[in-house]
Amino acid sequence: MKVVIQCSATKDQTAGSFSMNGRRVKFVAHPELHEEASSRALFRPDDMIPSMSNSWRTHLLTYNRRADNPDHLLGAADLYSPPVYRRLLNHIGPESLFILSAGWGLIRSDFLLPEYDITFSSQGEPWKRRTKTDPFSDFAHLTESDIAHDESVYFFGGRNYLPLYYRLTCGLMARKVVYFTSTNISTDQGFHHIRYGSAGTNWHYRCAGRSSAGALSFHNVPNGRGPPR
């Protein structure tokens, strides 16, 4: 069993980041739209590092292979403030928990991440909004993990994150279960969709939390494809 949950806008204030010429780096969707003066050096994850031949994304991948952590980055499950991420981590373990990040893609829960402010939400400042056409070389760690063809993968997240999730997991030969509340989500025939009855803000936290507490069963899922009747 694997669980995927979308990222959160609220993050641990102690999270570290990279630095550039003495300035802390912050990753956003559109640095060119950030109108106010910032003490941070703003970049997209796939921007090239000035005066270097590799991108920040490549640098992050290399950084995760190090034995030390001099920039004090946090693992993905610890980066986001809501307690549901730690609850899931404690319930199923780091090897089974993945996070769908609007900035970085589908990442392992123990993958170290720097400070970033990127979202698929239409709310908030334009510099943080990622659109469907923005070019991102997203990580797809779930496809690199060992998943049996009859194993189940559960997704907890909003409709704005579904297109990216579908794209990054369409090739997985597993039972892919998507919980949803919206009446107009995009569906994909390779996924089994289950409606969660309680909507509202951050419903996916409650849904995932109930699953980790045993109120929802991870295992009693039909083998069929498509939305339940």
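Just the heavy atoms: all of them, side chains too, but no hydrogens, waters or symmetry mates, feed the values below. Predicted model, so just to flag it, every value in this text is computed and none were measured.
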- Apply side chain to side chain contact (heavy atoms under 4.5 Å, CB included) to the pair Val84 and Ile5, showing each step before the final yes or no. CA-CA 10 Å; Val84 67; Ile5 184 171; 4.2 Å; yes

- Item | Test side chain to side chain contact (heavy atoms under 4.5 Å, CB included) applied to Leu142 and Leu168, step by step | CA-CA 8 Å; Leu142 185 58; Leu168 296 179; over 6 Å; no

- Query: Can you list the steps and then say if Gln6 with Ile99 is a side chain to side chain contact (heavy atoms under 4.5 Å, CB included)?
  - Reply: CA-CA 6 Å; Gln6 77 168 62; Ile99 297 173; over 6 Å; no

- Message: Checking Ile92 against Met1 for the side chain to side chain contact (heavy atoms under 4.5 Å, CB included) test, could you report, in this order, the C-alpha distance in whole Å, the side-chain angles of both residues, the deciding distance, and whether it holds?
- Response: CA-CA 9 Å; Ile92 62 175; Met1 179 189 70; 3.5 Å; yes

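Atoms CG and CG, from Leu74 and Asp110 in turn, are 12.5 Å apart once rounded to the nearest 0.5 Å. Distance check, rounded to the nearest 0.5 Å: CZ of Arg129 to CD1 of Ile118 gives 14.0 Å. The distance from the CG atom of Leu106 to the CG atom of Leu164 is 7.5 Å, given to the nearest 0.5 Å. For the atom pair SG of Cys207 and CZ of Phe156, the computed distance is 5.0 Å after rounding to the nearest 0.5 Å. Separating the NZ atom in Lys128 from the OG1 atom in Thr119 is a distance of 7.5 Å, to the nearest 0.5 Å. Between Ser81 atom OG and Gln13 atom CD the span is 7.0 Å, to the nearest 0.5 Å.
No side-chain heavy atom of Arg175 sits under 4.5 Å from any side-chain heavy atom of Val153. Using a 4.5 Å heavy-atom cutoff, the side chains of Ile49 and Asn54 are in contact. Counting only heavy atoms from C-beta outward, the side chains of Leu61 and His59 never approach each other to under 4.5 Å. Side-chain contact between Phe18 and Phe27 is present, with at least one heavy-atom pair separated by less than 4.5 Å. Looking only at side-chain heavy atoms (C-beta outward), Asp12 and Tyr80 stay at 4.5 Å or farther from each other. At least one side-chain heavy atom of Pro135 sits less than 4.5 Å from a side-chain heavy atom of Arg44. Residues Leu113 and Ile107 meet the side-chain proximity criterion, which asks for heavy atoms closer than 4.5 Å. Counting heavy atoms from C-beta on, the side chains of Leu100 and Phe155 come closer than 4.5 Å.
The cluster map of Ile, Leu, Val, Met, Phe, Trp and Tyr, joined by side-chain heavy atoms under 4.5 Å apart, puts Leu42 and Leu60 in different clusters. Both Leu88 and Ile194 belong to a single network of hydrophobic side chains, linked directly or stepwise wherever heavy atoms of I, L, V, M, F, W or Y lie under 4.5 Å apart. Residues Met48 and Tyr63 do not share a hydrophobic cluster, clusters being chains of Ile/Leu/Val/Met/Phe/Trp/Tyr side chains in contact below 4.5 Å.
For residues 162-172, the side-chain hydrogen bond (donor to acceptor under 3.5 Å, both in side chains) pairs, not counting sequence neighbours, are Asp138-Arg167, Tyr166-His193. Counting only residues at least two apart or on different chains, the side-chain hydrogen bond (donor to acceptor under 3.5 Å, both in side chains) pairs with a member in residues 16-27 are Arg24-Glu115.
Taking a 6.0 Å sphere around CD of Glu32, one finds it holds more than 12 heavy atoms contributed by other residues, nucleotides or ligands. For Asp68, the CG atom is densely surrounded, since the number of other residues' heavy atoms within 6.0 Å is greater than 12. Within a 6.0 Å radius of CD in Gln123, no more than 12 heavy atoms belonging to other residues, nucleotides or ligands are found.
Between Asp47 and Pro31, the shortest heavy-atom distance links the atoms OD2-CG, 4.4 Å. Among all heavy-atom pairs drawn from Ala77 and Leu89, the shortest one is CB-CD2, 4.0 Å. Residues Ala102 and Cys7 approach most closely at N-SG, 3.6 Å, considering heavy atoms. Nearest heavy atom pair, residue Ser121 against residue Asn160, reads CA-ND2, 4.1 Å. Nearest heavy atoms, Asp134 versus His30: OD2-NE2, 2.9 Å. Residues Leu33 and Pro126 share a closest heavy-atom pair of CD1-O, 3.9 Å.
Using a 30° and 60° split on the angle between ring planes, Trp56 and Phe43 fall in the tilted class, from 30° to 60°. Ring geometry, Phe111 versus Phe139: the interplanar angle exceeds 60°, so the pair is classed perpendicular (tilted spans 30 to 60°).
Cation-pi geometry between Arg130 and Phe136 is met: under 6.0 angstrom from the ring centre, within 45 degrees of the axis. Taking the ring axis of Tyr116 as reference, the NZ or CZ atom of Lys11 stays within 45° of it and closer than 6.0 Å to the ring centre. Geometric assessment of Lys176 against the ring of Phe191 yields a positive cation-pi assignment under the 6.0 Å and 45° thresholds.
Counting only distance, with no hydrogens or angles, the side chain of Arg57 and the backbone of Ser137 share a donor-acceptor pair below 3.5 Å. A distance-only check finds a donor-acceptor pair linking the side chain of Asn90 to the backbone of Arg86 [under 3.5 Å]. Without hydrogens or angle criteria, Ser109 side chain to Pro94 main chain gives a donor-acceptor distance under 3.5 Å.
For Tyr85, the side-chain hydrogen bond (donor to acceptor under 3.5 Å, both in side chains) test picks out Tyr205, with sequence neighbours left out.
You'll find the ring centres of Phe98 and His141 outside the 6.0 Å limit.
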